[in-house]
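Comments concern the structure below.
Numbering starts at 1 and runs along the sequence shown. All values derive from a computational prediction rather than experimental measurement.
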Amino acid sequence: MDQALAQLAQVTAPFERGRTEFAHGELLRRQGRRSEARRWLQRGLATFERLGASGWAARAAAELHAAGGDRVAAGGTPLDGLTPQELRVALAVGRGVTNHEAAEQLFLSVKTVEFHLGNIYRKLDGVHRRAQLVRLLSQSGP
């Protein structure tokens, strides 16, 4: 990661820069270095929003929220209130996979996927079924 960060200043591909900033912020948050993580996650979020990468922006906003940061995004999506793990489950379900397939892809138990889906349905107004979640995700962007 240090090598990637050192080369970040020379990167001319903005999406790759945003992904590197996001990945570093995600790593720092998982290491308990929340204040450092927020700085990198805000950079990644700003990059994704500027590029119109709404799916990545939603992930960065969720990770930023988990790190204790405020959403920098203007015009957020309903997905902003989900935790990073809930967002991963929602995105998997949005691709049309079953709970069992989502569990395999995310290295979770089926019960954990079901638990997160229950939380997702509670947090998203008007979403009570899988088809409604898929529709919401398709309207929220890639």
Side-chain angles (χ1 to χ4, degrees), residues 1-9 11 13-142:
M1 182 60 81
D2 291 336
Q3 188 178 19
L5 290 172
Q7 294 178 356
L8 190 59
V11 173
F15 181 75
E16 296 305 321
R17 176 188 302 262
R19 280 188 24 183
T20 304
E21 293 164 342
F22 170 71
H24 187 58
E26 189 176 39
L27 176 67
L28 289 170
R29 186 188 71 80
R30 283 173 171 67
Q31 291 174 344
R33 298 162 57 188
R34 294 167 44 131
S35 61
E36 291 175 75
R38 287 191 292 268
R39 184 181 62 152
W40 289 99
L41 292 168
Q42 286 170 338
R43 285 182 181 180
L45 176 59
T47 300
F48 294 141
E49 287 179 335
R50 189 173 58 252
L51 296 173
S54 58
W56 282 93
R59 286 183 62 190
E63 194 70 29
L64 178 60
H65 178 71
D70 293 352
R71 284 187 210 116
V72 180
T77 70
L79 303 175
D80 291 344
L82 301 180
T83 67
Q85 191 73 312
E86 290 166 350
L87 181 60
R88 287 182 190 101
V89 169
L91 292 173
V93 168
R95 289 191 302 270
V97 301
T98 65
N99 288 358
H100 187 267
E101 292 168 333
E104 286 179 352
Q105 291 174 6
L106 300 172
F107 302 102
L108 301 171
S109 72
V110 175
K111 289 286 186 191
T112 301
V113 169
E114 292 169 355
F115 173 78
H116 286 306
L117 275 173
N119 288 341
I120 291 165
Y121 294 150
R122 276 189 289 284
K123 289 181 178 183
L124 299 177
D125 290 334
V127 177
H128 306 288
R129 294 189 320 260
R130 195 177 206 89
Q132 293 170 321
L133 178 59
V134 170
R135 191 175 315 115
L136 175 68
L137 290 168
S138 69
Q139 293 169 351
S140 295

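The OG1 atom of Thr83 sits 7.5 Å away from atom CD1 of Ile120, with the distance rounded to the nearest 0.5 Å. Between His100 atom NE2 and Ser109 atom OG the span is 10.5 Å, to the nearest 0.5 Å. Glu86 CD to Asn119 CG: the interatomic distance, rounded to the nearest 0.5 Å, is 5.0 Å. The CD atom of Glu63 sits 11.5 Å away from the CG atom of Leu45 when rounded to the nearest 0.5 Å. A distance of 5.0 Å separates CZ in Arg39 from CZ in Arg43, rounded to the nearest 0.5 Å. In this structure, the separation between CG on Leu41 and CD on Glu21 is 9.5 Å, given to the nearest 0.5 Å.
At a threshold of 4.0 Å, the pair Arg30-Glu26 counts as salt-bridged, since one of the basic side-chain nitrogens sits closer than that to a carboxylate oxygen.
Listed here is the closest heavy atom pair of Leu28 and Ala37: CB-CB, 3.7 Å. Here the shortest heavy-atom pairing between Gly68 and Arg38 reads C-CD, 3.7 Å. Heavy atoms only, all atoms of each residue included: Gln105 and Val97 are closest at NE2-CG1, 3.6 Å. Of all non-hydrogen atoms in Tyr121 and Arg129, the two that sit nearest each other are OH-C, 3.7 Å.
Arg29 places no side-chain N or O within donor-acceptor distance of the main-chain N or O of Leu64, the cut-off being under 3.5 Å.
The aromatic rings of Phe48 and Phe22 sit perpendicular, their planes meeting at an angle over 60°, well past the 30° parallel limit.
Within the 4.5 Å cutoff, the side chain of Leu108 has heavy atoms near those of the Val89 side chain. Between Gln132 and Leu124, the closest side-chain pair of non-hydrogen atoms is not below 4.5 Å. Counting heavy atoms from C-beta outward, Arg130 and Leu117 have side chains that approach closer than 4.5 Å. Counting only heavy atoms from C-beta outward, the side chains of Thr47 and Arg50 approach each other to under 4.5 Å.
Heavy-atom neighbours of Phe115 CZ from other residues, nucleotides or ligands within 6.0 Å: at or below the threshold of 12.
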- request: Verify side chain to side chain contact (heavy atoms under 4.5 Å, CB included) between Gln31 and Glu36, making sure each step is shown before the conclusion.
  value: CA-CA 10 Å; Gln31 291 174 344; Glu36 291 175 75; over 6 Å; no
